[in-house]
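Not measured: the values here are computed from a predicted model. Lettering follows sequence order; numbering is per chain, from 1.
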Amino acid sequence: MLQVPFIRQNKELVLERLAHKQFRELGLVEEVLALDDRRKQLTLAYDETQAKIKIASEEIGKLMKQGLKDEAEQRKATVAALKEQQGPINDQLNETEKQLHDTLIRLPNLPAAIVPAGKTPEENVEVKSGGDKPALSADAVPHWDLAKKYDLIDFELGNKITGSGFPVYKNRGARLQRALIQYFLDYNISKGYTEYQPPYLVNADTAYGTGQLPDKEGQMYFVGEDKLYLIPTAEVPVTNIYRDEILKDSELPVKMTAYTPCFRREAGSYGKDVRGLNRVHQFDKVEVVQLVHPDKSYAALDEMVAHVEGLVQSLGLPYRILRLCGGDMGFTSALTYDFEVYSAAQQKWLEVSSVSNFEAYQANRMKIRFKDSGGKPQLVHTLNGSSLALPRILACILENNQAADGIHIPQVLQPYFGAAVIAN
RNA sequence: GGUGAGGUGCCUGAGUGGCCGAAAGGAACGGUUUGCUAAACCGUCGUACGGGUAACACUGUACCGAGGGUUCGAAUCCCUCCCUCACCGCCA
């Protein structure tokens, strides 16, 4: 969430930036400031009364020891009167603090200066592209047909076992998944990321920390019996590793990577966009997360974009990198780059990675801090990116590399996959 | 799931109603000394929100797992919840 002192000092900027993100409820900014003013007043009143109570209480103790009972009783009456005063103040203070918090978390993060104007995905700006779109023969088919032809994925079986959107990978399909995961992790580790295997279920505090709660509650699967959420991305448990921690500045940057399955309810999407692997409820992803010094977060973002680009390039897939416009960005992000790969048989671009700088927005929720050179705690900046999400990568590999003699496996995957071609 | 014991600062650990934001030791950091390593000595060594300041200083309040309660006063007593450890049961 945004920091109140910053809002106070930069109100005009905040309003302008929120508008850039197509945020409608600009009145909330004034509300936050008003609530904060009230909070300060009430805090002052409460503290002053409380200080008097403390002093009187200490005196009571001393008077009792001296046997001055009447004096003590007098003081007790004073305290009682003070408490009567204090009760309503305390209630109002608690209520105000709650309102302030609830209002504050409704404000999204401010988009960075270079975020393009725009409302829809069409207005995202392509900043780079690479790789060549393959020239497929006329009888080229989409991945769901290839999956059947080579017995790689069984979508119907997933329907039977669980429901729509839970594919079953099989034989060489399963092995290819495993190869991709292993390759992605090795690539990340080679670039200095530390591997984690986090839990796949998280509690409410954790889901709140990265911004899944309270807004996106409906997008997560929830295990009511134990009040746990299935993670929609490894970002959630991994970033929360450092929740409520104060790091030394020498410990920054923290670079973490994790493979996890990801679970998304994705309610409301049907039709051909969700065919095959394009959109599923459970998928695999390898994630990278960084906690960095605030001065270095944009350099870190560039580094992560280059990192993911290297990975996509190594798979030989045609790709483009988009800088998301204000209206298409996530609630918590300050700047996001999406990676899309071109699915030749479907003739469309598929998002396979999203790399974002959240600046201090998540860190403020999670209270992830470091001690700066002056010894004062300061919020870190958090970043994360997919490197990479599997299903659409798999779809593109299958589709783009199909040939008369079978599907050609990218060279970098062959040691992991154990073969160069998937043929019947 | 059952029984028992616990949750105190970066760590260990004392503290069972007021003098406790909290002893002591260790770690860490800064400094002095030393030819190096090591050691010794001195100092610093929580966080949040207020007030105050140009900024410091200074100062108020809260926080001893979380939330309630008792009391003039709670780390300390009571209740609920969460978690940890040990043993038993079950189990990959």
Starting at the 5' end of RNA chain B, which residue's closest nucleotide do you reach first, A/Gln50 or A/Gly61? A/Gly61
A/Lys40, nearest nucleotide to its side chain (from B/rG50, B/rU61, B/rC72): B/rG50
For B/rG21 versus B/rA14, give the span between their C1' atoms, rounded off to a whole number of Å. 15 Å
Which distance, rounded to the nearest 0.5 Å, do you find between the CG of A/Asn171 and the CG of A/Leu176? 12.0 Å
P atom, B/rC63 versus B/rG4: distance in rounded Å? 31 Å
Rounded to the nearest Å, what distance is computed from the CD atom of residue A/Glu48 to the P atom of nucleotide B/rG51? 11 Å
Base-pairing assignment for B/rG35 (Watson-Crick or G-U wobble, both under 3.5 Å): none
What is the pairing partner of B/rC45, taking Watson-Crick or G-U wobble pairs with both distances under 3.5 Å in any strand? none
Can you label the angle between the A/His281 ring and the A/Phe166 ring as parallel, tilted or perpendicular, going by 30° and 60°? tilted
Phosphate-side-chain proximity, A/Arg369 and B/rA48, N/O vs OP1/OP2 below 4.0 Å: yes
Between B/rA28 (P) and A/Glu251 (CD): distance, integer Å: 14 Å
When all nucleic acid strands are considered with a 4.0 Å heavy-atom cut-off, which category describes A/Lys371: base, sugar-phosphate, or nothing? sugar-phosphate
Just checking A/Lys216: does its NZ atom have more than 12 heavy atoms from other residues, nucleotides or ligands closer to it than 6.0 angstrom? yes
Salt bridge flag under 4.0 Å for residues A/Lys255 and A/Glu303: yes
Tell me the interatomic distance from A/Leu93, atom CG, to B/rG60, atom P, rounded to whole angstroms. 19 Å
Base, sugar-phosphate, or nothing: which does A/Lys62 touch, judged by heavy atoms less than 4.0 Å apart? nothing
Just how far, in rounded Å, is C1' of B/rG17 from CD of A/Glu58? 14 Å
Looking at B/rG18, which nucleotide sits across from it as a Watson-Crick or G-U wobble partner, both distances under 3.5 angstrom, or is there none? B/rC72
What's the closest nucleotide to the side chain of A/Lys248 if the choices are B/rG50, B/rC72, B/rA28? B/rA28
Hunt down the Watson-Crick or G-U wobble partner of B/rG9, both distances under 3.5 Å, from any strand shown, or write none. none
Closest to side chain of A/Lys76, choosing from B/rC49, B/rU61, B/rC72: B/rC72
Measuring to OP1 and OP2 of B/rC82, would you say a side-chain N or O of A/Lys227 lies under 4.0 angstrom away? no
Tell me the partner of B/rC85, counting only Watson-Crick (N1-N3 plus N6-O4 or O6-N4) or G-U wobble (N1-O2 and O6-N3) with both under 3.5 Å; none if nothing fits. B/rG4
From B/rU61, B/rU71, B/rG50, nucleotide with atom closest to A/Lys54 side chain: B/rU61
With both distances kept under 3.5 Å, what pairs with B/rC90, Watson-Crick or G-U wobble? none
Quick one: label A/Ile246 by what it contacts on the DNA or RNA (base, sugar-phosphate, nothing), any heavy atom closer than 4.0 Å. sugar-phosphate
Which residue lies toward the 5' end of RNA chain B, A/Glu59 or A/Pro377, if each is placed at its nearest nucleotide? A/Glu59
For A/Ala51, report the nucleic acid contact type (base, sugar-phosphate, nothing); a contact means any heavy atom under 4.0 Å. sugar-phosphate
Between A/Arg265 (side chain only) and A/Tyr221 (backbone N and O only), is there a donor and an acceptor less than 3.5 Å apart? no
Proximal nucleotide (of B/rU61, B/rC72, B/rG73) relative to the A/Lys83 side chain: B/rG73
d(CD, A/Glu245; P, B/rG46) in whole Å: 17 Å
In whole angstrom, what separates A/Asn90's CG from B/rC49's P? 18 Å
Taking the side chain of A/Arg39 as heavy atoms from C-beta outward, which of B/rG46, B/rC49, B/rA62 is closest to it? B/rC49
Only pairs with both distances under 3.5 Å count, Watson-Crick or wobble alike; so what is the partner of B/rA27 in this structure? none
Do you see a donor-acceptor pair shorter than 3.5 Å between the side chains of A/Arg392 and A/Ser343? no
Could you check whether A/Lys376 gets within reach of a base, just the sugar-phosphate, or nothing at all, counting any heavy atom under 4.0 Å? sugar-phosphate
In the strands shown, is B/rC56 matched to any nucleotide by a Watson-Crick or G-U wobble pair with both distances under 3.5 Å, and which? none
Could you tell me whether A/Glu73 and A/Lys76 make a salt bridge, using a distance below 4.0 angstrom between a side-chain N and a carboxylate O? yes
Rounded to the Å, how far apart are A/Leu247 CG and B/rC10 C1'? 12 Å
Between A/Gln378 (CD) and B/rU47 (P), how many Å, whole number? 13 Å
